Peer 1: 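Just passing along the structure, written as structure tokens.
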Amino acid sequence: MAEEKRAEESRSIETTCVQGGWQPKNGEPRTPPIVQSTTFKYTSSEQMSRLFDLSESGYFYTRLSNPTNDIVAKKICELEGGTAALLTSSGQAANFFALFNICSAGDHIVASNAIYGGTYNLINVTMRRMGIDCTFVHPDCTPEELEAAFRPNTKAVFGESIANPSLMVLDFDKFAAAAHRHGVPLIVDNTFPTPVNCRPFEYGVDIVTHSTTKYMDGHGSCVGGAIVDSGNFDWMAHADTFPGLTTPDDSYHGVTYAKEFGNGGAFITKCVAQLMRDFGSIPSPFNAWILGQNLEDLALRMKRHCENGYKVAKFLDDDPRISWVNHPGLETDKYYELAKKYMPNGTCGVIAFGVPGGREKVSALLDHLKLVSIATHVADSRSCILYPAGTTHRQLTEEQLKEAGVGIDLVRLSCGLESADDIIADLKQAMDAVL
Ligand SMILES: *Cc1c(COP(=O)(O)O)cnc(C)c1O
């Protein structure tokens with residue numbers, strides 16, 4: 001068993017993509033089974049009671065857990081190098097659960113302001129309505145500015161490894177040091193680079209979230225999310241800050257998560273036992289299975305997405321009609337050095353660039369594209385393009401847009417798996433017609 005474990009740890013990410021999560025025993029199906037069942041049958045009500053007490057593990061109702069979902073969560077857990085993981089019905093649910101699992105009314109979060117528009121809204125509007133306050137900081141803030149954002153009631157620090165859509169790279173060292181100095185975990189949304197290109201736990205991040213809707217699914221088929229715990233945060237050492245994990249849960253027969261499940265299992269077990277139970281944001285086993293299939297070629301796909309992203313970014317950067325280009329894989333990019341440090345094998349296939357001439361010009365350029373489609377999506381097999389200031393970020397004021405690194409001229413292009421030459425040709429014909 002120990003040998004087997006060691007062999008698994010030394011495996012490359014490519015192998016884990018293909019074989020992680022599901023090791024069938026003799027005679028079992030090679031591909032994970034889809035357990036499309038809401039409930040699980042037992043012959044003894046005594047055993048059922050133990051399952052409800054969490055004193056025995058097993059399946060009883062798919063809102064809490066399902067074997068297919070668990071297989072796929074295990075694969076993602078292995079990819080990130082974590083100790084426990086959970087699938088959620090969307091990336092939004094993953095980020096909400098990750099924060100709400102350790103924050104209650106009266107608490108406070110420190111968050112990067114360069115984050116996905118939906119997450120910004122979740123933290124800035126909906127969670128405030130629940131009594132959870134937030135101080136936003138720029139990812140490039142000085143250590144002093146970051147320090148000043150903390151309060152005695154701060155419970156977590158949140159950021160994105162590569163920000164959507166500004167493509168800023170988070171300095172894990174700076175954010176982890178500040179979080180740990182204040183005895184709280186650093187939670188990072190690792191959607192854009194995926195664990196193939198970035199493993200935040202190796203740089204002090206405590207909890208990772210994903211919108212699996214993006215590269216992980218990668219084919220525009222299934223909305224989904226995931227939360228992975230590194231198992232490194234010592235809840236008991238900060239028992240007063242996190243009573244939900246370190247004192248008995250009356251709604252679960254007095255279980256104390258950090259005691260019963262240790263640092264490796266407490267966070268995810270509480271997330272399932274309380275948040276899944278009460279909010280029910282579970283993916284269908286069928287969607288989880290599709291995600292599992294698509295994860296098998298994630299490493300291959302990321303390589304191609306990055307190659308295409310680089311080639312297209314270079315083309316845009318070399319064209320004087322384009323005001324500016326952000327792509328952390330580009331040598332001239334402001335975040336190139338940070339990207340090299342935290343994601344040495346590649347970043348992602350997403351590019352942000354500036355189109356001069358105002359809203360009408362931007363819209364005209366997008367309307368002229370033939371291969372690249374206008375879609376509220378990103379990080380997918382098919383190249384797609386979006387004008388955030390006119391769509392996903394339209395609820396933000398011009399000042400907030402600027403703070404979030406989403407200028408009025410910003411266009412987000414997600415390079416798919418097509419030939420880079422074809423993507424470039426499409427952009428060129430549209431630019432020739434409009435700019
Ligand atoms: C899309 C996205 C989300 C939200 O995920 P959904 O699956 O759409 O709910 C969160 N974070 C990032 C970085 C995203 O790109």
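One-based numbering, in listed order, for ligands and for the atoms of each. Since the structure is predicted, the reported quantities are computational estimates derived from the model, not experimental observations.
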Peer 1: Would you mind running through ligand 1 and noting each atom that sits below 4.0 Å from a heavy atom of S90?
Peer 2: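 Here the atoms of ligand 1 in question are 7 (O), 9 (O).
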
Peer 1: Apply ring pair (Phe, Tyr, Trp, His ring centres under 6.0 Å) to the pair F96 and F279, showing each step before the final yes or no.
Peer 2: CA-CA 11 Å; F96 174 59; F279 291 101; 5.5 Å; yes

Peer 1: In terms of ring plane angle, is the pair Y203 and F172 parallel, tilted or perpendicular, where the classes change at 30° and 60°?
Peer 2: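 Rings of Y203 and F172: parallel, as their planes differ by under 30°.
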
Peer 1: Classify the angle between the aromatic ring planes of F233 and F242 as parallel (below 30°), tilted (30 to 60°) or perpendicular (above 60°).
Peer 2: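 The rings of F233 and F242 stand perpendicular, inter-plane angle above 60°.
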
Peer 1: Which protein non-hydrogen atom lies closest to atom 7 (O) of ligand 1, naming both residue and atom, and how far is it?
Peer 2: T213 OG1, 2.6 Å

Peer 1: Is it the case that the side chains of N95 and Q92 hold a donor-acceptor pair, with the cut-off being a distance below 3.5 Å and no angle test?
Peer 2: no

Peer 1: Against heavy atoms of E160, which atoms of ligand 1 measure under 4.0 Å?
Peer 2: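 Atoms satisfying the 4.0 Å criterion: 13 (C).
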
Peer 1: Among all protein heavy atoms, pick the one closest to atom 9 (O) of ligand 1 and tell me residue, atom and distance.
Peer 2: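 Checked against all protein heavy atoms, atom 9 (O) of ligand 1 sits closest to Q92 N, 2.9 Å.
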
Peer 1: So which heavy atom in the protein is nearest atom 6 (P) of ligand 1, and how far is it from that ligand atom?
Peer 2: G91 N, 3.3 Å

Peer 1: I'd like to know if K341 and E337 make a salt bridge, using a cut-off of under 4.0 Å between side-chain N and carboxylate O.
Peer 2: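 Salt bridge between K341 and E337, a charged N being under 4.0 Å from a carboxylate O: no.
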
Peer 1: For atom 1 (C) of ligand 1, which protein heavy atom lies nearest, and how many Å away is it?
Peer 2: K214 NZ, 1.5 Å

Peer 1: Judged by modelled atom types alone, do S419 and D421 share a side-chain donor-acceptor pair under 3.5 Å?
Peer 2: no

Peer 1: With backbone taken as N, CA, C and O and side chain as the heavy atoms from C-beta onward, which portion of N95 lies under 4.0 Å from ligand 1: side chain, backbone, both, or neither?
Peer 2: side chain

Peer 1: Identify the closest protein heavy atom to atom 4 (C) of ligand 1: which residue and atom is it, and at what distance?
Peer 2: Y116 CE2, 3.4 Å

Peer 1: Between R301 and N294, does any side-chain donor sit less than 3.5 Å from a side-chain acceptor?
Peer 2: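 Looking only at side-chain atoms, N294 and R301 do not form any donor-acceptor pair under 3.5 Å.
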
Peer 1: Which protein non-hydrogen atom lies closest to atom 5 (O) of ligand 1, naming both residue and atom, and how far is it?
Peer 2: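 Among all protein heavy atoms, the one nearest atom 5 (O) of ligand 1 is S211 OG, 3.0 Å.
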
Peer 1: Any heavy atom of G224 closer to ligand 1 than 4.0 angstrom?
Peer 2: yes

Peer 1: Which residue owns the protein heavy atom closest to atom 13 (C) of ligand 1, what's the atom, and how far is it?
Peer 2: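 Here the closest protein heavy atom is D189 OD2, 3.5 Å.
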
Peer 1: Taking only heavy atoms of N164 into account, list the atoms of ligand 1 that are under 4.0 Å away from them.
Peer 2: 14 (C), 15 (O)

Peer 1: Please list, chain by chain and in numerical order, all residues satisfying side chain to side chain donor-acceptor pair (under 3.5 Å) with K270, sequence neighbours excluded.
Peer 2: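 Per chain and number, K270 pairs via side chain to side chain donor-acceptor pair (under 3.5 Å) with N101, Q274.
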
